[in-house]
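Right, one structure below, let's go through it.
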Amino acid sequence: MTHDEIYNTVIQLLKEIAPDTEPGQLKPEENIRQALNIDSFDALQFIVALNTNLGIEIPEEDYEQTTTLKRLLPYLEKRSNPKSENS
Amino acid sequence: MTEFLMPSLGADMEAGTLVAWRKKPGDQIKRGDIIAEVDTQKGLIEVEIFESGILDQYLVSEGESVPVGTAMALIRSAEAPSSPEEKEPLVPEQKEGIPEKEPLHPILEIEEDKREEPEDLPTVSQRIKASPLARKIAAVNKIDLTSLKGTGEEGAILRRDVEKVLEEKEPAKTPPSPTAAPRSSESAASEVRKAVASAMSRANQEIPHYYLEKRIDLSNAMEWLRETNKVRSVKDRLLPVALFLRATALALDLHPTLNAVWDQGVQVQNEINIGLVLSLRTGGVVVPAIQQADTRSPDQIMQELNELIPRARALKLRSSELSTSTVTVTSLGEAGADKVYGIIYPPQVALIGFGCVVEEVIPIKGMLAIRPVVYATLAGDHRASDGLTGSRFLGSLDQFLQTPENL
């Protein structure tokens, strides 16, 4: 899966969870949950939605990789293409 | 024949608008069926029926808005074919588009600008036993006597019965503005705001609150959650709130006077239905019930939350989920305030609050340790319980949370 595909999926899922916000305007280092006002329940829904849409199970100890786009996107890319990390 | 009434979905609800019937006359209906969709301040609610029978006829048509307690349909009971009720069902005729005027408006009458309109409340049947004074007060305040339960001899309605209704209605002066048209999310939000305002004003006026708090060491609970979530798929993972709710239910079972409603005395409830406060993104809160939480495992509670919370946030709840709470829990989740001192949702008598889980230095066996803790608070109605009960409840809550594997 390409960087753009992952980015678009993430933004779309965030929009579904926080429909009154503009996830597309998130800055790379902005804290996603704070910026979009996402509570712990919706944060879990986001992790579930990533699993459903990208087939990636994020273990709890990796939750900190989901705090900003700058961390989340490379993490998802790596996990979606486990064999060739550069693709 | 029984009447299907516009349900009260909380102390703050005065009227609702019938949006659609989901059953038609002649339909066989059973307990739990969704019979109608009703638009309220808390969104579009699917209303369930609590008895079985056959839908006989509609008394209210789609688009009409009627006060709580209005008969909306007649149900022929399955067992007893026909035993016509003494009293006639009430169907106040509503003019299209005119908001329901307050049927129980108390002494303050500034807003009664529609008074000149033709009487549209049914005349009180002479068969109702009521004292002349009660009748007079009821007439002045446009209270429908058929909706009252008398406490006098042979159920006669007395002055105090009518005044009680007036008192109950007093704080909720904001006239509801129900509308059959689909609402924008903004107007839905402002309706929710109004509903919250009305219920909380009433609670603050009527309920003598007392507050207690207890710091609860969550080392065991958080460690247990970490371990169990490791082996769970993302969909089955538990949040701390599932343990909080379960432990609360078990502790309430030991201290039942907190799981009660206040109606001229404490009435302990048989079921433990925990209303969970959910904030809406657009502001305001809704409080759907986790029914019989004491009989459910943390897993079952979490599954229920996964199903309930998205529907609650979309304001698509069922009537039973909004009307059956016997106690309320508010949990602030992560990154929120450390402690919450809630306001009780009448007629309930207790509200339990959980702040966010924080790490604190606490002494353990003469040493200082850093442990995850949560501050649990209890708002109690001092008419219904005392600090000792509340204190024991928080102690039990603490104990249950120390052995998460047994929850």
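Proteins get letters first, then strands, A, B, ... in listed order; numbering begins at 1 in each. What's counted below: heavy atoms across the whole structure, side chains too, no hydrogens, waters or symmetry copies.
Neither the backbone nor the side chain of B/Ser279 comes within contact range of chain A; no heavy atom of the residue lies under 4.5 Å from a heavy atom of that chain. For chain B, no part of A/Ala43 is nearby; none of its heavy atoms comes within less than 4.5 Å. For A/Leu50, no part lies near chain B; criterion is any non-hydrogen pair under 4.5 Å. Contact annotation for A/Asn37: both backbone and side-chain heavy atoms come within less than 4.5 Å of a heavy atom of chain B.
For the residue pair B/Glu307 / B/Gln303, no side-chain donor-acceptor distance below 3.5 Å is found, with atom types taken as modelled. Side-chain contact of B/Asp299 with B/Ser297: a donor-acceptor pair under 3.5 Å is absent, judged by distance alone. No side-chain donor-acceptor contact under 3.5 Å links B/Asn273 and B/Gln291.
With respect to chain A, the highest number of heavy-atom pairs below 4.5 Å among B/Asn229, B/Val241, B/Val234 belongs to B/Val234. Considering only heavy-atom pairs separated by less than 4.5 Å from chain B, the leading option among A/Thr21, A/Asp20, A/Leu44 is A/Asp20. Ranked by heavy-atom pairs shorter than 4.5 Å toward chain A, the options B/Lys235, B/Lys230, B/Arg281 are led by B/Arg281.
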key: Full working for salt bridge (Lys or Arg N to Asp or Glu O under 4.0 Å) between B/Arg371 and B/Glu360   = CA-CA 6 Å; B/Arg371 293 287 178 90; B/Glu360 284 198 359; over 6 Å; no

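The side-chain hydrogen bond (donor to acceptor under 3.5 Å, both in side chains) analysis of residues 42-53 of chain A, with sequence neighbours excluded, yields the pairs A/Asp42-B/Arg313, A/Gln45-B/Asn306.
Not counting sequence neighbours, the partners of B/Glu223 by the salt bridge (charged side-chain N to carboxylate O under 4.0 Å, His left out) test are B/Arg226.
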